[in-house]
Number of protein chains: 2
Amino acid sequence: MTRPNMKVYEARARIIKALAHPSRLLMLDLLQEGERCVCELTERVGADQSTVSRHLAVLKNTGLVEDRKEGVMVYYRLRCKCLRGFFNCIEAVLKDNLKVQAEALAL
Amino acid sequence: MTRPNMKVYEARARIIKALAHPSRLLMLDLLQEGERCVCELTERVGADQSTVSRHLAVLKNTGLVEDRKEGVMVYYRLRCKCLRGFFNCIEAVLKDNLKVQAEALAL
DNA sequence: TGCATTCATGGTAATATAGCCATGAATACA
DNA sequence: TGTATTCATGGCTATATTACCATGAATGCA
């Protein structure tokens, strides 16, 4: 590594890695509509409750979501408002990939 | 999984996962300035040439970069112009995390 | 043709990730 | 107090990821 700012890339990668899972993306999508308790997210995701809890811990540890306890329930909500632009980029890549595939088939 | 569009989240996750590595982030950063051969990227990243080659294959397989062969060299370049907005989001999360830490220390 | 350079890939080992089950901790409520 | 509900965590296994070394394929040049 010639460049000295590897720490920056590692910090970015940690956050991106937290986003790099289908279930977590789904949960973030649901949370864009407002806070949700673990039990609802568990039902939506369709995985074991312990699995969902760990996914939420990953998102929380990277600062993407925060939680609030109310009685026996725990409600999670987004901490960042920038996800929209983030996913726009991902969608652009996906669309372009489709275009490339279509072109390849048309040859 | 209650929602039927899990495929969409899986597709997104595949792309995000390709972004979720410090070395690959560094390479994308370098490629924003223009195309680079594998040998130069290898030197900048400071890993084994075979390792860098595999990283580039990951980026290529997800449609994030494309390559061009010229003699014995292979030049890689970005395929997406949207990475800026993407990283703006990541940086926003990082900055906010720092703010939270600072506030915690100030208590 | 022989040799050097560049890049990709097979093989392998170490580590990380993700899933579920079982269980523990905290709260609410009868 | 006893019981049920919600959520987090320890334990474990299976799979994926990452790294390096060694080597193969392709090209350029003497």
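Proteins come first, then strands; the chains are lettered A, B, ... in the order of their sequence lines, and each starts at number 1. Scope of the values below: all heavy atoms of this structure, side chains included, with no hydrogens, waters or symmetry mates.
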Which pairs, protein N/O on one side and nucleotides 20-27 of chain D N/O on the other, fall under 3.5 Å?
| residue | atom | partner | partner atom | Å |
| --- | --- | --- | --- | --- |
| D:dC20 | OP2 | B:D48 | N | 3.2 |
| D:dC20 | OP2 | B:T51 | OG1 | 2.7 |
| D:dC21 | OP2 | B:D48 | OD2 | 3.4 |
| D:dC21 | N4 | B:S50 | OG | 2.9 |

Quiz prompt | Euclidean distance, atom CE of residue A:M73 to atom P of D:dA8 [Å, nearest integer] | solution = 12 Å
Quiz item: Is any side-chain nitrogen or oxygen of A:H55 closer than 4.0 Å to OP1 or OP2 of C:dT17?
Solution: no
Quiz prompt | Co-membership, hydrophobic cluster, residues A:M6 and B:V52, 4.5 Å side-chain | solution = yes
Name each donor-acceptor pair under 3.5 Å that joins a side chain in residues 64-72 of chain A to protein atoms two or more places apart or in another chain, with its distance.
| residue | atom | partner | partner atom | Å |
| --- | --- | --- | --- | --- |
| A:E66 | OE2 | A:R77 | NE | 3.2 |
| A:D67 | OD1 | A:K60 | NZ | 3.3 |
| A:D67 | OD2 | A:K60 | NZ | 3.1 |
| A:R68 | NE | A:E35 | OE1 | 3.3 |
| A:R68 | NH1 | A:E70 | OE1 | 2.6 |
| A:R68 | NH2 | A:E35 | OE2 | 2.3 |
| A:R68 | NH2 | A:E70 | OE1 | 3.4 |

Exercise. Nearest whole angstrom, please: distance from the P of C:dG19 to the CG of A:L56.
Key: 12 Å
Self-check item: N/O (side chain, A:H21) to phosphate O (OP1/OP2, C:dG19) under 4.0 Å
Solution: yes
Exercise. Rounded off to whole Å, could you give me the CG-to-C1' distance for the B:L19 and D:dT18 pair?
Key: 17 Å
Quiz item: What is the distance from CD of B:E40 to C1' of C:dC7, rounded to the nearest Å?
Solution: 15 Å
Quiz prompt | Pairwise 5' ranking along DNA chain C for B:V74 and A:K17, keeping only the more 5' one | solution = B:V74
Exercise. Would you indicate whether the side-chain heavy atoms of B:N97 and A:R79 approach each other to under 4.5 Å?
Key: yes
Quiz prompt | Distance, rounded to the nearest Å, where B:N61 contributes CG and C:dA8 contributes C1' | solution = 12 Å
Quiz item: Hey, does A:M73 have a side-chain heavy atom less than 4.5 Å from the side chain of A:V38?
Solution: no
Practice problem: May I have the distance from B:L41 (atom CG) to C:dA8 (atom P), rounded to whole angstrom? | Solution: 10 Å
Exercise. For A:R36, enumerate each residue passing the salt bridge (charged side-chain N to carboxylate O under 4.0 Å, His left out) test, keeping only those at least two apart in sequence or located in another chain.
Key: A:E33, A:E40
Exercise. Starting at atom CD of A:E35, determine the distance to atom C1' of D:dC7, rounded to an integer number of angstrom.
Key: 16 Å
Practice problem: Report yes or no: does A:D96 contribute a side-chain atom to a donor-acceptor pair with the main-chain N or O of B:G63 at less than 3.5 Å? | Solution: no
Quiz item: Does a side-chain heavy-atom distance below 4.5 Å link B:Q32 with B:D29?
Solution: yes
Quiz item: Given atom OH of B:Y75 and atom P of C:dT5, what is their separation to the nearest angstrom?
Solution: 16 Å
Exercise. Classify the nucleic acid contact of B:Y76 as base, sugar-phosphate or nothing, counting any heavy atom under 4.0 Å across all strands shown.
Key: sugar-phosphate
